[in-house]
Amino acid sequence: MSQFWKPGAEKPRILDDEEGGVLFLSSSASSSGYGYVSIEKQRQRLPVYKYRTAILYLVEHHATTVIVGETGSGKTTQIPQYLKEAGWADGGRIIACTQPRRLAVQAVASRVAEEMEVKLGEEVGYTIRFEDVTDANKTRIKFLTDGVLLREMMDDPLLTKYSVIMVDEAHERSVSTDIVLGLLKKIQKCRPELRLIVASATIEAKAMAAFFQTRKRRTTKLVESTTSEESAILSVEGRGYNVEIHYVEEPVSDYLQAAVSTVQLIHNKEPYGDILVFLTGQDDIDAAVKLINEEARNGGKNSSGLFALPLYSGLSRAEQELIFSPTPRGKRKVVISTNIAETSLTLEGIVYVVDSGFSKQRFYNPISDIENLIVSPISKASARQRAGRAGRVRPGKCYRLYTEEYFLKEMSAQGIPEIQRSNLVSSVIQLKALGIDNILGFNWLAAPSPETMIRALEVLYSLGVLDDDAKLTSPIGFQVAEIPLDPMISKMILASNELGCSEEALTIAAVLSIQSIWVSGKGIQKELDEAKLRFAAAEGDHVTFLNVYKAFLQSGKSSQWCYKNYINYQSMKKVLEIREQLRRIAQRLGIALKSCGDMQAVRKAATSGYFSNACQLEAYSHNGMYKTVRTSQEVYIHPSSVLFRVNPKWIVYHSIVSTDRQYMRNVVSIDPSWLTEVAPHFYRQQAPNPFIH
DNA sequence: GAGCACTGC
């Protein structure tokens, strides 16, 4: 056992989340630290316990209750139980609690089932994609991702089976959370008996409460009700330890170097305890790890006994496991991480945090229709969250690599909500499917720019999903909305039905939904390229995916086979899972499952979805420069594509990554005549004559 | 010949 774990504390558990990642799950606040105490006692020790009556009173009397609860307050596990005890689940009604992430849903649900001494999946259950652990007759408390709740609204727009819906982690402002909150506000108008609880970790609560404030209805009074339409706000303290904040005195110019020096300073001056460093991305992290470990190996006087490990989502399974292996006696562990350690996973045993003040954030440009990842300053809320990571086991320290003046005067209080930084195509079709006709007039918690909304409407119109009145078309629009994929991929699946290649389209759709089917890694580039060549198809990446999938099935879905061919076995398992879900949905939509082996049909189906991403090779280009048909932007095939350096004259791409150039990832060659064939409206309008050779 | 913050259906 590591010397850094507090004696008597519960040891960390490593959970296999079956998604290719081993994630670290902290033991919940209520179960650690005190030796044996009864579950009831543990529950009563949580900070939220003394607000039990107040919470129940507010929920009884207010349509919406906003609860500000810091980490460790116990709000997530306790409030659903209080509601159940108070009778909110009587008469077959259900109490729902949403989370942004799958793993949190599972963890919280099992904890609550344990506390209530019931079998998970009966009285307490959860639903996440691919996994429904509920019982239609028995489940009274249900945890689910907010994405699943959105899907449920398509079958039951008023969410009639729920008596109370608690939206947790609302401060994170994920796209789904924002949309769910906007829709819940609408549902409240039809269902005055529905109760909402919005749980947030920050003082954004006021804005949240104001959002849910509804005007008093003066004219009709159908139901005599004592419910106040004023939202209530309640604050619950957390149970973290104090974290001392340190700032640099002068702004740093090189935060990578500054982070490394700070780690060495802590190691030199401070008592034992692990260090967590927040940097922005893989490159910086690998560089910092190397600097620290090399100095330690060379016997640097400030680094003896230090060892650094990287943490980011792209790590292989084996590399991830390293992070959780015990720290050797007399050593100090430094974990250098992306934002993944800010919310998605919790490392116990961290006493010191070094915060660079930056993270990579997605920004969407509706004019170019491209999403970029840009290194950007974090918000005060993020900075507090990062600091809090140091105070989980004992009082800690946080070293900020920016000045106090910068923190106080320049750092924005909250980040820009994700919905204002994203492509909205998927969100808009979901809202349309739920009967929200006026997208621009939707009651957004934070409205996206009109340009982004209009761009999304244009894309959906060009796909034939929306008609001239911006209403869902029948059947295509409704079918595309049913499929849980980017509408362009969904359109490819629908087109494949007529082309007789739906089996192939489902496989391609599943592969395009995951990050990558290839193993990642720096030292194995040559081997990886060679492995790719064994499956490479002249038609492009999409057809290559089909070759890989076929060979994987022939191998008997063998992990050994994957290993030999530099294919990520976890990714392939996920492909199987997604494909199975898509197959069921396709059948429900009346799509005949057919395989034709004709790659021309497959490419045509892809073109039906991706015609707006068509590109032509520049006539005299010697360096593989393409121009997009729609906007004449300069783009290049990504070196990871099987068509890199092959450079066919006409292609469609699945996505673009922007670095020093715009690189197209996952491309397939097409015949330009297909463009006018599958999207005559689009190409007649946008590019009257794009086919001049 | 290059590079991938993080989720989710």
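Proteins get letters first, then strands, A, B, ... in listed order; numbering begins at 1 in each. Quick caveat: nothing in here was measured; it's all calculated off a predicted structure.
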Pairing residues for A:Glu169 by the side-chain hydrogen bond (donor to acceptor under 3.5 Å, both in side chains) criterion, not counting sequence neighbours: none
Taken to the nearest whole Å, CH2/A:Trp518 to C1'/B:dG3 is 17 Å
Scan A:Thr338 against the nucleic acid and name what it touches under 4.0 Å (heavy atoms): base, sugar-phosphate only, or nothing. sugar-phosphate
By nearest nucleotide on DNA chain B, pick out whichever of A:Val657 and A:Ser513 is the more 5' one. A:Val657
Looking for any heavy atom pair under 4.0 Å, which part of the strands does A:Val148 touch: base, sugar-phosphate only, or nothing? sugar-phosphate
Atom CD1 of A:Ile285 to atom C1' of B:dC6: distance rounded to whole Å? 12 Å
Identify all side-chain donor-acceptor contacts of residues 370-377 of chain A below 3.5 Å with residues at least two apart in sequence or on another chain.
unit_1	atom_1	unit_2	atom_2	d
A:Glu371	OE2	A:Asn423	N	3.1
A:Asn372	OD1	A:Ser658	OG	2.7
A:Ser376	OG	A:Ile374	O	2.9

First encountered from the 5' end of DNA chain B, between A:Thr280 and A:Asp486: A:Thr280
If you take any heavy atom closer than 4.0 Å to DNA chain B, which residues from residues 368-381 of chain A end up in contact? A:Leu373
Does A:Ser174 reach a base, just sugar-phosphate, or nothing at all? Heavy atoms under 4.0 Å. nothing
What I want to find out is whether A:Glu418 reaches A:Arg421 closely enough, with some N-O distance under 4.0 Å, to be called a salt bridge. no
What does A:Asp284 touch in the nucleic acid at a heavy-atom separation under 4.0 angstrom: a base, only the sugar-phosphate, or nothing? nothing
Set of residues satisfying salt bridge (Lys or Arg N to Asp or Glu O under 4.0 Å) with respect to A:Asp168, sequence neighbours excluded: A:Lys75
Out of B:dG1, B:dA5, B:dC6, which nucleotide sits closest to the side chain of A:Phe644? B:dG1
Value in whole Å for how far the C1' atom of B:dC6 lies from CZ of A:Arg421: 10 Å
Under a 3.5 Å cutoff, is there a donor and acceptor pairing between the side chains of A:Glu152 and A:Tyr162? yes
Ion pair check, A:Glu580 and A:Arg584, cut-off under 4.0 Å: yes
Heavy atoms only, 4.0 Å cut-off, all strands: where does A:Arg362 land among base, sugar-phosphate and nothing? base
I want to verify a distance call: between B:dG1, B:dT7, B:dA5, whose nearest atom is closest to the A:Gln282 side chain? B:dA5
What does A:Arg129 touch in the nucleic acid at a heavy-atom separation under 4.0 angstrom: a base, only the sugar-phosphate, or nothing? base
Nearest-Å distance for atom pair NZ/C1', residues A:Lys532 and B:dA2: 10 Å
Partners passing salt bridge (Lys or Arg N to Asp or Glu O under 4.0 Å) against A:Arg129 (at least two apart in sequence or in another chain): none
Between CD of A:Gln515 and P of B:dA5 the distance, given in whole Å, is 10 Å
With sequence neighbours left out, write down each residue that passes ring-ring contact (aromatic ring centres under 6.0 Å, His included) with A:Phe363, or none if nothing qualifies. none
Name the nucleic acid region contacted by A:Tyr663, choosing base, sugar-phosphate or nothing; use a 4.0 angstrom heavy-atom cut-off, strictly under. sugar-phosphate
Taking CD1 from A:Ile336 and P from B:dA5, how many angstroms apart are they, rounded to a whole number? 15 Å
Rounded to whole angstrom units, what separation is found between the CZ atom of A:Arg151 and the P atom of B:dC9? 10 Å
Does A:Ser313 reach a base, just sugar-phosphate, or nothing at all? Heavy atoms under 4.0 Å. sugar-phosphate
As a test of the definition: with a 90° window around 0 for syn, would you call B:dC6 syn or anti? anti
To the side chain of A:Pro484, which of B:dT7, B:dG1, B:dC9 is closest? B:dC9
Does B:dC9 have OP1 or OP2 sitting under 4.0 Å from an N or O in the side chain of A:Thr145? yes
Would you call A:Lys627 and A:Glu618 a salt bridge, taking side-chain N to carboxylate O under 4.0 Å as the test? yes
B:dA5, B:dA2, B:dC9: which one has an atom nearest the side-chain heavy atoms of A:His638? B:dA2
Presence of donor-acceptor pair under 3.5 Å, side chain of A:Asn623 and base of B:dG1: no
Please confirm whether the shortest side-chain N or O distance from A:Arg102 to OP1 or OP2 of B:dC9 is below 4.0 Å. yes
Would you kindly give the CD1-to-P distance between A:Ile416 and B:dA5, to the nearest whole Å? 19 Å
With heavy atoms under 4.0 Å as the rule, sort A:Leu150 into base, sugar-phosphate or nothing. nothing
